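Bear in mind that the values here come from a model prediction, so they are computed numbers and not experimental data. Every chain is numbered from 1, with letters handed out A, B, ... down the list of sequences.
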Amino acid sequence: MTTAALLGSPWHPLLSQPATEAAIALLGCWLVRRFADGRVIRGRIVETEAYEAGDPACHGYRRQTARNRSMFGPPGQVYVYQIYGRYHCINLATEAADLASAVLIRALEFPDTEAIAGAGPGRLCRFLAIDRQLDGSWLGPTSPLDLEAADYPLGTLIQTTRIGLTRGVDLPWRWYLAESPAVSRRDRRAEAEQMGVSV
DNA sequence: TTCACGATTCTA
DNA sequence: AGAATCGTGAAG
């Protein structure tokens, strides 16, 4: 995939903004996984987290390394890393090149599939066979990964804190769709406060 | 070269 | 609550 193809992608504007905004814009969109044999699986994005430069929880907080290189890529580059030796997590680079800014996809809702399959960053990557081989790849119509527009209402949007961190724990940079059965971890308190707010 | 640890998940 | 499990990167 070339940069030219990326620039032609309608997703460029969506991802060319701070991760905290892209994380919201991605909700309801479809993450498309294309396999070599032609099979395609779509999952609706229902939970995201933002990671920004200057954020102590961000993998690119200190500096660019071999592992986090693609997090510094232009918007639309895919950043996949391995965690706890057994799971993978997928991020989409956002905002601008040379900036550590990305959105972590934390949950996907798959049609006609048990919600548990897409509930959590490790589970959804396992279901979609996403690993480090896809790190550094680009979103696009001929790529293994792509995005498609949201095609039905989001329902209730909940904003809360991120999961599993030891630093930056208080930043409210996680968002999820309250009505989705695939959300990895609910924040009942945030829901009580925000359920009345319609999107 | 060493070594502690992590944007998780599963089991008890 | 505790374990599994290993690549990465900061330290020495």
| said: Less than 4.0 angstrom from a charged side-chain N to a carboxylate O is my criterion; do R42(A) and D151(A) meet it? | reply: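 Not counted as a salt bridge, because no side-chain N and carboxylate O are separated by less than 4.0 Å.
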
| Of residues 49-64 of chain A, the positions that come close to DNA chain B - non-hydrogen atoms, cut-off under 4.0 Å |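 Within residues 49-64 of chain A, the residues near DNA chain B are Y51(A), A57(A), H59(A).
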
| Sorted by number, the residues of residues 112-124 of chain A with heavy-atom contact under 4.0 Å to DNA chain B |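 Result for residues 112-124 of chain A: G120(A), P121(A), G122(A), R123(A), sorted by number.
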
State, yes or no, whether a side-chain contact exists between [X] and [Y] at a heavy-atom distance under 4.5 Å.
{"X": "Y81(A)", "Y": "D135(A)", "value": "no"}
{"X": "S143(A)", "Y": "S137(A)", "value": "no"}
{"X": "T161(A)", "Y": "V169(A)", "value": "no"}
{"X": "L134(A)", "Y": "H88(A)", "value": "no"}
{"X": "L92(A)", "Y": "L147(A)", "value": "yes"}

Are [X] and [Y] grouped together when hydrophobic residues (ILVMFWY) are joined by side-chain heavy atoms under 4.5 angstrom apart?
{"X": "V183(A)", "Y": "I163(A)", "value": "no"}
{"X": "F72(A)", "Y": "I90(A)", "value": "no"}
{"X": "Y84(A)", "Y": "Y51(A)", "value": "yes"}
{"X": "L104(A)", "Y": "V78(A)", "value": "no"}
{"X": "V46(A)", "Y": "L14(A)", "value": "yes"}

| query | Yes or no on side chain to side chain contact (heavy atoms under 4.5 Å, CB included) for L171(A) and T20(A), after CA distance, side-chain angles and deciding distance? | reply | CA-CA 11 Å; L171(A) 291 171; T20(A) 48; over 6 Å; no

| message | Walk me through whether E49(A) and W173(A) qualify under side chain to side chain contact (heavy atoms under 4.5 Å, CB included). | response | CA-CA 6 Å; E49(A) 282 180 1; W173(A) 286 359; 5.9 Å; no

| task | May I ask you to list the residues of residues 165-179 of chain A, by number, that have any heavy atom positioned under 4.0 Å from an atom of DNA chain C? | result |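 Going residue by residue through residues 165-179 of chain A, none turns out to have a heavy atom under 4.0 Å of DNA chain C.
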
| request: Tell me which residues in residues 78-104 of chain A put a heavy atom below 4.0 Å from DNA chain C, sorted by number, or none. | output: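 Output list: Q82(A), Y84(A), G85(A), R86(A).
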
| query | Taking only N and O in the side chain of R132(A), is any of them less than 4.0 Å away from OP1 or OP2 of dT8(C)? | reply |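 Answer yes for this pair, as a side-chain N or O of R132(A) is under 4.0 Å from OP1 or OP2.
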
| task | Begin from the C-alpha positions of R67(A) and R132(A) and carry the test side chain to side chain contact (heavy atoms under 4.5 Å, CB included) through to its verdict. | result | CA-CA 10 Å; R67(A) 177 180 70 151; R132(A) 279 232 97 192; 4.2 Å; yes

| query | Can you pull the contact range of chain A along DNA chain B, 5' to 3', using atoms under 4.0 angstrom from its heavy atoms? | reply |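 Both ends considered, the range comes out as dG6(B) to dC10(B).
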
| message | Pair E47(A), L124(A) - check side chain to side chain contact (heavy atoms under 4.5 Å, CB included), show working. | response | CA-CA 11 Å; E47(A) 182 180 349; L124(A) 73 89; over 6 Å; no

| Does R33(A) count as lying over the ring of F127(A), i.e. NZ or CZ under 6.0 Å from the six-ring centre, within 45 degrees of the axis? |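 Pair R33(A)/F127(A) does not count as cation-pi.
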
| request: In whole angstrom, give the distance that lies between atom CG of D131(A) and atom P of dT5(C). | output: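 It works out to 19 Å between those atoms.
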
| query | DNA chain B in dot-bracket, Watson-Crick or G-U pairs under 3.5 Å, [ ] crossing, | other strand? | reply | ||||||.||||.

| query | Without hydrogens or angle criteria, can the side chains of E179(A) and T156(A) be said to hold a donor-acceptor pair below 3.5 Å? | reply |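 A donor-acceptor contact under 3.5 Å links the two side chains.
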
